[in-house]
Structure formats: structure tokens, C-alpha cells
Amino acid sequence: MRSIATMIAFACALFAAPVLAQQPAPEKAAPLKNVESPVVFAPRIAPASATDPENLLYLDLSTGGRVVIWLRTDVAPKMVERVKTLTRQRFYDGLPFHRVIEGFMAQGGDPKGDGTGGSPLPNVPAEFNYLPHVRGAVSAARAEDKDSANSQFFIVFQPRLSLDKKYTVFGRVIEGMPYVDAIERGEPPANPSKIVHAYIAADGPPAYAPPPPVAAPSPLPVPGAKPAPKPAAAKPAAKK
């Protein structure tokens, strides 16, 4: 009986082998189409120190005080270096805020004063980062070309998050925001507020000094008007 069972098992194996051999090999998974690869962001590094004087920009404004800006070398090192270089060259001293929009921002840093100027240095490539355009954010102004930032910048009055990752945020106002709020509005303003002096804190700048008052112009003479008569000379008193 055992030999018969062994023969039956052997016969079944012979018949099953061709069937197993005829089964198709499993298909390889086809690559997915129209699927974008995930964007991989570089890991964030430690923020620049907010107490290191090398990372603090002082703007003495004609609106009455000093604005302190924390420069973020960790996210925009090239733009920060540009601002430091121009500040130490006294490039920003005396420049106006030429475009100031209520509820949005104040833009300055243009030697031409019309939004078309910049420094003689090459443009700075974009350094878009995760910092948001919230109140007090300081961001690099640019033209249509994303790599066209140079010397101009703007300070945000109220959040404008639609600008995030489209403009390079390189700093944040940490003191003196009321002096930014007082900047004259207009495109351009009729009487633009100015940067009296710009300093890097590490250079040991003097304390803020308000700009000297501007003397009122002398009134122009009215055509055809007669000059005022001169007062008569006093007669000497008679001797007694």
C-alpha cells in the first residue's frame, strides 16, 4: 500500500510541474506618472544672535528716533552682507522713503528716489526663506527678475503673507517701530521722511541726534508793492 501511495504522489508531481512552469512571472510595478517629487528643504540652522552688535542695523530716521533691525545672517547672508557694506559706505545716509503705502509698507534705499535706482554693486541673488512678511519684517525690494535685489528694501506695516517666498526677508524691527509708523505716506510722499544716518551697531555709532530744523524760506516780495517806510530818526532833545 505504501508503494502505491508513493507512486500516486510521484505521478501528481509530474503532472503539476508543467502547470507551475506555465504561470507568468509577476509584472514589475510601472513607474507613477505626473507625480512631482517632494521638495526637500535644507535643514534650518540656528538663528543669528539678536544681541550680537554685528547683526544689528541702526536707522536714525527724520521721524524722530532710532530704529533697530535684527539682521538674519542665517537665512539671507548675501543680502545682509550687502546691507552691511552699503551702510559702512554711508550709502543710505540721507536717502528718502520714496514709496510708502498705508497698511502695507515703507520702501527706501534708492539714491534716485523714484524706485529705479540702486548701488554700483552687482545685484544680489534671491534668498527666499521661511520668514514671513509680518509687521516689522524687513525685506529686499526687487524688479520682476527674482535675482534683481540690490540696495532697496521695505519695512512691513501690516502682515502681507502673499509675499512670502517671493521676496527675501533679511531682518526684523526689534526697536523703534513707532518711528517707522510715522514715515510720511505717498507714492512718492509730498514731504518724504528720510534715513538721517545708518549704522552697524558693532561700529560704535553715536547716540541718536535729531536732524537740525530746516529754516523757513524768506517770503518772496509781492510785485508792485511799495517798500515799507523807514522809521524817522529821533530828534536830539533840546538843551536847557
Side-chain angles (χ1 to χ4, degrees), residues 50 55-72 75-76 79-80 82-84 86-87 89-119 123-124 126-129 131-144 146 148-201 205 208-211 214:
N55 298 328
L56 296 178
L57 170 66
Y58 291 169
L59 297 182
D60 289 356
L61 302 188
S62 62
T63 54
R66 173 169 288 175
V67 176
V68 181
I69 297 171
W70 174 25
L71 299 174
R72 295 295 299 271
V75 295
M79 192 64 205
V80 168
R82 169 58 52 84
V83 170
K84 287 182 178 182
L86 295 178
T87 296
Q89 293 176 355
R90 297 290 184 259
F91 175 87
Y92 290 114
D93 290 7
L95 296 189
F97 287 92
H98 63 273
R99 181 170 178 253
V100 187
I101 303 174
E102 179 65 42
F104 181 17
M105 59 89 210
Q107 183 173 339
D110 177 13
K112 291 185 177 180
D114 60 5
T116 65
S119 78
N123 289 341
V124 180
E127 296 176 291
F128 303 155
N129 53 69
L131 294 181
H133 285 78
V134 294
R135 175 171 168 79
V138 185
S139 191
R142 64 174 178 84
E144 290 295 326
K146 66 181 180 64
S148 59
N150 190 288
S151 65
Q152 295 188 44
F153 63 90
F154 60 94
I155 305 175
V156 179
F157 291 134
Q158 298 296 334
R160 190 61 66 95
L161 303 184
S162 60
L163 302 181
D164 290 359
K165 298 183 181 179
K166 298 176 183 177
Y167 292 82
T168 299
V169 178
F170 65 89
R172 180 78 178 272
V173 174
I174 57 176
E175 291 182 29
M177 194 63 190
Y179 304 119
V180 177
D181 292 332
I183 293 173
E184 184 79 13
R185 269 58 168 172
E187 299 180 72
N191 184 28
S193 304
K194 295 183 179 181
I195 301 171
V196 181
H197 295 291
Y199 304 102
I200 301 301
Y208 174 82
V214 179

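We number each residue from 1, following the sequence as shown.
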K.L.:
Lys84: what forms a salt bridge (charged side-chain N to carboxylate O under 4.0 Å, His left out) with it, not counting sequence neighbours?
P.N.:
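Salt bridge (charged side-chain N to carboxylate O under 4.0 Å, His left out) check on Lys84 returns Glu54.
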K.L.:
I need the His98 NE2 to Ser193 OG distance, nearest 0.5 Å.
P.N.:
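One finds 13.5 Å between NE2 of His98 and OG of Ser193.
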K.L.:
Which value, rounded to the nearest 0.5 Å, describes the distance between Leu71 atom CG and Thr87 atom OG1?
P.N.:
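Rounded to the nearest 0.5 Å, the CG-OG1 separation comes out at 8.0 Å.
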K.L.:
Can you tell me how far the CZ atom of Phe170 sits from the CG atom of Asn129, to the nearest 0.5 Å?
P.N.:
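Between Phe170 CZ and Asn129 CG, I get 11.0 Å after rounding to 0.5 Å.
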K.L.:
Mind jotting down which residue pairs meet the side chain to side chain donor-acceptor pair (under 3.5 Å) criterion with at least one end in residues 55-65? Sequence neighbours excluded, please.
P.N.:
Asp60-Arg66
K.L.:
Working to the nearest 0.5 Å, report the span between CZ of Phe104 and CD of Gln158.
P.N.:
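That separation rounds to 11.5 Å.
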K.L.:
Closest heavy-atom contact between Gly117 and Ser151?
P.N.:
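Scanning both residues completely, I find the closest heavy atoms to be O-OG, 4.5 Å.
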K.L.:
List the residues meeting ring pair (Phe, Tyr, Trp, His ring centres under 6.0 Å) with His197, not counting sequence neighbours, and say none if there are none.
P.N.:
Tyr199
K.L.:
Which residue pairs satisfy the salt bridge (charged side-chain N to carboxylate O under 4.0 Å, His left out) criterion with at least one member in residues 97-118, sequence neighbours excluded?
P.N.:
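Counting only pairs at least two positions apart or across chains, the salt bridge (charged side-chain N to carboxylate O under 4.0 Å, His left out) contacts touching residues 97-118 are Arg99-Glu187, Glu102-Arg185.
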K.L.:
Strictly by modelled atom types, are Asn150 and Ser119 linked by a side-chain donor-acceptor pair under 3.5 Å?
P.N.:
yes
K.L.:
Under the side-chain contact (heavy atoms from CB on, under 4.5 Å) test, which residues partner Pro189, sequence neighbours left out?
P.N.:
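Scan of Pro189 (side-chain contact (heavy atoms from CB on, under 4.5 Å), adjacent residues dropped) gives Val100, Glu184, Pro192.
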K.L.:
Of all residues at least two apart in sequence or in a different chain, which pass the side chain to side chain donor-acceptor pair (under 3.5 Å) check with Arg90?
P.N.:
none
K.L.:
So do the side chains of Leu161 and Val134 get within less than 4.5 Å of each other, counting heavy atoms only?
P.N.:
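They are in contact (side-chain heavy atoms under 4.5 Å apart), so the answer is yes.
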K.L.:
Who pairs with Val156 by side-chain contact (heavy atoms from CB on, under 4.5 Å), at least two apart in sequence or on another chain?
P.N.:
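With neighbours one apart ignored, the set is His133, Ala137, Phe154.
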K.L.:
How far does CG of Leu86 sit from CG of Leu95, to the nearest 0.5 angstrom?
P.N.:
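Going from the CG atom of Leu86 to the CG atom of Leu95 covers 9.5 Å.
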K.L.:
Go through the structure and list residues passing side-chain contact (heavy atoms from CB on, under 4.5 Å) with Lys146, not counting sequence neighbours.
P.N.:
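For Lys146 the side-chain contact (heavy atoms from CB on, under 4.5 Å) partners, ignoring immediate neighbours, are Ala126, Phe128, Arg142.
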K.L.:
Give a yes or no on whether the backbone of Val75 and the side-chain of Glu127 come within a donor-acceptor separation of less than 3.5 Å.
P.N.:
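No; judged by distance alone, with no hydrogens or angles, the pair does not exist.
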K.L.:
My understanding is that only residues two or more places apart in sequence, or in another chain, count here; which of them pass salt bridge (charged side-chain N to carboxylate O under 4.0 Å, His left out) with Arg172?
P.N.:
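Salt bridge (charged side-chain N to carboxylate O under 4.0 Å, His left out) list for Arg172, sorted by chain: empty.
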K.L.:
Measure from the side-chain N and O atoms of Tyr208 to the backbone N and O of Val67, and report whether any donor-acceptor pair falls under 3.5 Å.
P.N.:
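No; judged by distance alone, with no hydrogens or angles, the pair does not exist.
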K.L.:
Output all residues satisfying side-chain contact (heavy atoms from CB on, under 4.5 Å) with Ile174, sequence neighbours left out; order by chain, then residue number.
P.N.:
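So Ile174 forms a side-chain contact (heavy atoms from CB on, under 4.5 Å) with Leu56, Val68, Trp70.
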K.L.:
Under the ring pair (Phe, Tyr, Trp, His ring centres under 6.0 Å) rule, collect the residues that match up with Phe153, sequence neighbours excluded.
P.N.:
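With sequence neighbours excluded, Phe153 shows a ring pair (Phe, Tyr, Trp, His ring centres under 6.0 Å) to Tyr92, given in chain and number order.
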K.L.:
Atom CD1 of Ile195 and atom CD1 of Ile183: how far apart are they, to the nearest 0.5 Å?
P.N.:
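Output value for this atom pair is 8.0 Å.
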